[in-house]
Amino acid sequence: MTPGRPAHVRTSSEALDDEQLVEELRSLLAEEDGFGELAARMALLADERRLRILFCLHAHPLIRSSDLARAIGAHESTTSHALALLREAGWVHAVRTGRVVRYELASGFAHDLLHELGSGHLDDVDHPHHHAHDGHHAHGGPSADEGSGRRPGA
């Protein structure tokens with residue numbers, strides 16, 4: 001994972017002085033709300049176990065929590081608790097078929113973020129609906145062997 005330069009550049013050739021810049025930024029921040037919720041949601045990604053769960057769900061959606069627990073080497077109760085936190089924060093959702101509950105990522109944002117973090121799909125998994133809007137091919141991230149079973153940057 002090599003950080004690239006942001007694609008944002010200032011379009012105005014007119015240079016702002018520091019005070020103008022600070023005022024513009026304050027105004028921008030005042031228009032936004034929900035920073036607390038966003039920070040809490042993003043904080044969930046700082047836990048290695050939850051991040052491993054998300055990588056697994058990205059690599060192979062619709063997996064049972066017991067199988068996730070086995071894949072990450074954790075107790076089922078610990079994995080269920082982590083899934084509950086991720087579900088509550090909007091990272092994953094449960095799909096019930098009869099008595100079986102399977103989990104998958106809840107949004108294209110989660111999918112795209114996991115690609116950016118270095119997660120790949122297993123060979124037979126594809127998510128064409130998540131990248132249709134941005135011109136990427138359906139498997140827009142690393143190859144399956146780059147992201148499955150390896151830690152980011154490893």
Side-chain angles (χ1 to χ4, degrees), residues 1-63 65 68-69 71-74 78-95 102-123 125-154:
M1 291 187 294
T2 334
R5 289 197 66 207
H8 299 90
V9 293
R10 189 156 183 96
T11 56
S12 171
S13 59
E14 179 183 324
L16 292 180
D17 68 35
D18 291 339
E19 289 304 312
Q20 288 174 311
L21 178 61
V22 168
E23 285 307 311
E24 275 191 18
L25 291 172
R26 283 183 179 160
S27 177
L28 177 73
L29 291 172
E31 293 173 14
E32 299 295 325
D33 60 350
F35 280 113
E37 283 180 34
L38 181 59
R41 186 173 186 215
M42 298 304 288
L44 288 174
L45 300 183
D47 179 80
E48 184 177 340
R49 181 174 289 125
R50 289 188 295 257
L51 198 52
R52 286 177 182 271
I53 288 170
L54 290 172
F55 267 58
C56 287
L57 293 174
H58 178 251
H60 195 286
L62 295 174
I63 187 170
S65 63
L68 270 172
I72 66 171
T78 306
T79 303
S80 292
H81 177 69
L83 283 165
L85 291 173
L86 291 167
R87 190 175 58 242
E88 184 178 306
W91 288 109
V92 304
H93 73 268
V95 178
R102 297 178 181 274
Y103 292 86
E104 66 182 355
L105 298 177
S107 69
F109 170 74
H111 175 263
D112 293 344
L113 178 62
L114 286 161
H115 269 297
E116 289 295 321
L117 294 175
S119 178
H121 304 147
L122 294 180
D123 288 338
V125 173
D126 213 4
H127 301 284
H129 58 283
H130 288 303
H131 287 288
H133 66 280
D134 64 5
H136 286 95
H137 54 83
H139 187 82
S143 66
D145 60 341
E146 285 180 287
S148 61
R150 295 192 344 181
R151 293 183 62 191

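Fair warning: this is a prediction, and the values are worked out from it, not measured in the lab.
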Has Asp33 got more than 12 heavy atoms of other residues, nucleotides or ligands less than 6.0 Å from its CG?
no

Other residues, nucleotides and ligands only: do more than 12 of their heavy atoms fall within 6.0 Å of CD on Gln20?
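Yes, because the 6.0 Å sphere around CD of Gln20 holds more than 12 heavy atoms from other groups.
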
Find the distance between [atom1] ([X]) and [atom2] ([Y]) and round it off to the nearest 0.5 Å.
X      : Y      : atom1 : atom2 : answer
Glu23  : Asp17  : CD    : CG    : 10.0 Å
Ile53  : Leu105 : CD1   : CG    : 11.5 Å
Leu85  : Ser80  : CG    : OG    : 11.0 Å
Arg102 : Leu57  : CZ    : CG    : 12.0 Å

Parallel, tilted or perpendicular: which one describes the rings of His115 and His58, with boundaries at 30° and 60°?
perpendicular

Are [X] and [Y] packed together at the side-chain level, in the sense that at least one heavy-atom pair is separated by less than 4.5 angstrom?
X      : Y      : value
Ile72  : Arg52  : yes
Tyr103 : Trp91  : no
Asp47  : Leu51  : no
Met42  : Leu113 : yes
Val95  : His93  : yes
His121 : His111 : yes

Tightest non-hydrogen contact, residues Ala74 and Arg49, listed as CB-NE, 3.7 Å

Considering all heavy atoms, the nearest Thr79-Ser65 contact
CG2-O, 3.8 Å

Sidechain-backbone polar pair: Arg41 side chain, Gly90 backbone, donor-acceptor under 3.5 Å
yes

So, does Arg50 use its side chain to make a donor-acceptor pair with the main chain of Leu44 at under 3.5 Å?
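Judged by distance alone, yes, a pair lies under 3.5 Å.
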
